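One structure is given below, encoded as C-alpha cells.
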Amino acid sequence: MCGIVGYIGNKSLDSVLLVGLKKLEYRGYDSAGIAILNNDEISIRKSKGKIISLEEKLDAKGFDGHAGIGHTRWATHGEPSTKNAHPHTNSTGSIAVVHNGIIENYVELKNMLSEKGYVFVSETDTETIPHLIDSEIQSGKDVKQAFYDAIQKLEGKFAIAMICEIEPDRIYFARNGAPLIAAFGKKSASESFLASDLPAIIPLAKEVTYLKDGDWGYIQAGTLEIYQGEKKYENIKIEPILIKEEEVNKGDYAHFMLKEIYEQPDIMQKIIDQRIDSNNRIFFNEMLFQNDYLSKIGRVIIQACGTSLNAGLIGKLYLENFCKLTTDADFSSEFRYRNPVIGGDTLVVGISQSGETADTLAGIHEAKAKFLKVLSFVNNNNSSIARESNAVIDLMAGPEIGVASTKAYTSEVLSLFLFSIYMSAIRWVLPKEEKKQLLDEIKSLPSQIASILKNLEPIQEISNYLKDVSSALFLGRTYNYASALEGALKLKEISYIHASGYAGGEFKHGPIALISEEVPSIVIVPQGEIRKKTISNLLEVRARKGKIISIITKGDDEVKDISDFFVEIPELSEPLSPLLTAIPMQLIAYFTAVYRGCDVDKPRNLAKSVTVE
Ligand code: G6P
C-alpha cells in the first residue's frame, strides 16, 4: 500500500530509485513519481499508471543528482492521476515529500494552511506535509526542527521521506504506523537508502536498521541519525541483510505468482525439517510463550484478513479438533470494532504474511487494550505485527511479491497445523497414534505438491474453459470450506471473474439459485468423512445443468464420472488435504488470468500490503 524509496550516494539516482520502485510495485501501482536533488535544486517526474509509464518520462539527460526519493501509489485520497501522484511539494518546489499512510487530520491542517495563504494543487492528504514543513521553516526554524515540529502535528499513520533544497545532503524520514527501513551499501560506497521494504534495495544495500514507530531523523551518504521524540539514539542496531537477490527476482518464471507457487514444495520441506525432529517432537524455538501459559489458555480468537483469514479458518478447525480449544476466526476489521466479550484466558492469534496489515494490527491493539496476550504468525519478523505481539511464529515462506498470496497461504496452514499438534501435546489431548499418523503423513507433503505441479494439462484445460465464464462458484466442506473461499478469492482477484466460495451444505440454502449452464462450480471432494455429502452437492449442481469441475483424490472414479473436468490430487487425510487442494486452485486462477490477458502480479485496485484500515 504505497511504496517509498530514498537514496543518497554516487550511483545513477534515477535508476536506483526506478529499480527500487519496480520492486515495491506490489504495494500499489496506480501512479508513481521521483524527486531528485541536483545542484541544490529539486526536479520532479510523475506519471499516472504503473512504473513503466514513469520510466518513459525519465530522459537520461539532466535528470540525475546525488539524493532522491520515489513513490509508487495506491490511491486513498484523490483519484489516480499525475496531479495526485507523489512526490508533493510546497508552493516554491523547494521541499518534496513522499508518504505512505493516511493523515487523518489533513482537513484541519489544510484549512489552517490555506488561511495562511498556502495553495493546494492536489486532492491528497499528503500535500499538507510539505506546506506544513514550509510554514515551520518560515517561522524561523532550521530544517531539522521544522521537520520534527511538523510531524508532531500529523495524526494518523505514516512513513515519510523528504528532501529539501536548503539541506541538500540529507533525506529526512519519519515512521509512525507504516513500514520504513534505513540501509547502507558496501562500506566503500558511502551511500544510504530508505525503503518501505527490503526487496527495493537488494542487492545494493548490505546492512539495514528497522525503524520503529515514533522514529524520525535523516540519512546522509553512508550514515544516519535517528531520534525518538527529542532523544537521539546513541546505539543504532544495524543488521546484515540476509535475503538473496534471487529471492526477490522472478528468475525464469513469467510471473512472481508462478514462481511462488513452484516454491511451495521446498518451503513445506523447510518448515517440516525445522519444526519436526526424527522423534516427531515439534519445535517453535522462536515462540516465547512457556508451556505453563499455553496449557491454561481457555479460548483462541484468530483474526486476520484476506488469504490469511482463510488459513485461519482452517487453523480454527485444527485447534478445535486436535486441542479441544474453543476457537473463533474473524475478520480483523470486524473483530476490532464489534467489541467482543472476551475472557482473560483468551489468546488472540494474528496471521499476516506482510506483518503490516493495518486491520490486523488494529486487532492486535484491541486485544492488548483488553490485556490479552497475542501470538502472531508472520512472514516478516521485523514487521509491526511481529513487534507488537507477545510471541511470534515465523512462516518461513521467504519474500512473497505476487499480490495474490500463494506460498504464504500454505505456510500459514502448515504452521497452524504444526502449532495445534504442538499445543495438543502440551494439553494432552491428541492420542499418540493419531499424532504419529498425521506427522508421518505430513512428511510426504512436499513430494505430493511437486507431483501436482508436474501435471499442468488438466489444470490448463480447466483454465481455458474458465477464461470465458463471468461467474464461478467454489464448494467445499469442513477443512475445505476455507479452501473454497480461498479458491474463489484467488480467481476473482487476478482474473476479475466473479467467484464466491460456499460451504457445501449451505449451498442449497440460496446459492444454488445461481447455477446455470453458464455458471460452473468448482467442487473440492477429497477422501474423508464428508466425501459422500459433497458428492450430493455435486449431484445437485449436475441436476440443474451446471458444469462441474472437481478436485478429487487420485482414482476417485465415481466423482470423475459426474464431472465435466477434474484434477486429481494425491491421497492425504482430510485435515491435511487443504494443503494439496490449494495448489490446483492457485494454478487454475493463475492460468485463467493469463489466458484472459490480466496482469497476474499486479491485479487492478489491489495492493499486497494494506496499511490503512
Ligand atoms: C491484501 C492482499 C491479500 C492479503 C491480505 C492480508 O488484501 O491483497 O492478498 O491476503 O492483504 O495480507 P497479510 O499480509 O496480512 O497476510
Side-chain angles (χ1 to χ4, degrees), residues 1-3 24-30 74 76 177-179 196-197 199 255-257 260-261 302-315 329-336 348-365 374 376-389 392-413 415-416 482-483 485-496 499 501 582 585-586 589-590 593 598-613:
M1 168 135 307
C2 296
L24 289 180
E25 227 178 346
Y26 70 87
R27 302 180 64 84
Y29 32 81
D30 60 44
W74 186 89
T76 58
S196 300
D197 199 2
H255 298 98
F256 277 108
M257 182 178 176
E260 288 157 6
I261 290 173
I302 296 172
Q303 55 102 21
C305 306
T307 290
S308 292
L309 178 61
N310 292 338
L313 289 166
I314 300 172
D330 204 352
F331 300 104
S332 298
S333 49
E334 288 297 310
F335 169 74
R336 163 73 182 80
V348 173
V349 170
I351 308 172
S352 176
Q353 185 286 129
S354 61
E356 298 294 347
T357 301
D359 287 322
T360 311
L361 191 58
I364 289 171
H365 292 156
V374 176
S376 288
F377 290 70
V378 291
N379 201 28
N380 178 355
N381 293 329
N382 293 297
S383 60
S384 305
I385 289 176
R387 282 188 209 170
E388 300 206 22
S389 302
V392 169
I393 286 177
D394 183 358
L395 292 170
M396 295 195 264
E400 191 181 66
I401 314 272
V403 167
S405 182
T406 52
K407 61 176 182 171
Y409 172 71
T410 44
S411 302
E412 287 166 350
V413 175
S415 303
L416 284 158
S483 308
L485 297 178
E486 177 59 12
L489 179 61
K490 283 288 88 79
L491 186 68
K492 74 182 135 202
E493 66 184 342
I494 58 169
S495 74
Y496 318 138
M585 287 192 289
Q586 293 170 353
Y590 172 78
C598 301
D599 189 343
V600 173
D601 283 335
K602 297 181 208 82
R604 70 182 178 210
N605 303 337
L606 294 179
K608 183 146 191 76
S609 175
V610 181
T611 50
V612 293
E613 274 186 66

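When a ligand or atom number is given, it counts from 1 through the structure's own listing order. For this chain, numbers begin at 1 and follow the sequence in order. Since the structure is predicted, the reported quantities are computational estimates derived from the model, not experimental observations.
Protein heavy atom at the shortest distance from atom 11 (O) of ligand 1 is Lys608 O, 3.8 Å. Considering only non-hydrogen protein atoms, atom 16 (O) of ligand 1 sits nearest to Ser308 OG, 2.6 Å. Atom 8 (O) of ligand 1 has its closest protein heavy atom at Ala607 O, 3.0 Å.
Using a 3.5 Å distance cut-off with no hydrogens or angles, the side chains of Glu356 and Ser384 do pair a donor with an acceptor. Using modelled atom types, one finds no donor on one side chain facing an acceptor on the other under 3.5 Å when comparing Gln303 with Thr360. Residues Glu412 and Ser308 have side chains that bring a donor and an acceptor to within less than 3.5 angstrom of each other. Side-chain contact annotation: Lys490 with Ser405, donor-acceptor N/O pair under 3.5 Å absent.
The minimum heavy-atom distance linking Asn381 with Ala386 is given by the pair O-CB, 3.4 Å. Looking at every heavy atom in both residues, Ala499 comes nearest to Leu491 through CB-CD2, 4.1 Å.
At least one N or O atom of Thr357, backbone or side chain, sits closer than 3.5 Å to an N or O atom of ligand 1. Looking at ligand 1, you won't find any N or O of Ser405 less than 3.5 Å from one of its N or O atoms.
For ligand 1, the atoms closer than 4.0 angstrom to any heavy atom of Ser352 are 13 (P), 14 (O), 15 (O), 16 (O). In the vicinity of Val403, heavy-atom distances shorter than 4.0 Å reach the ligand 1 atoms 9 (O).
Distance screen at 4.0 Å: atom 6 (C) of ligand 1 has a protein heavy-atom neighbour inside the cut-off.
Closest to atom 4 (C) of ligand 1 by heavy atom, among Asp359, Leu489, Thr307, is Thr307.
Under a 3.5 Å cut-off, the side chain of Asn380 and the backbone N or O of Gln353 do not form any donor-acceptor pair.
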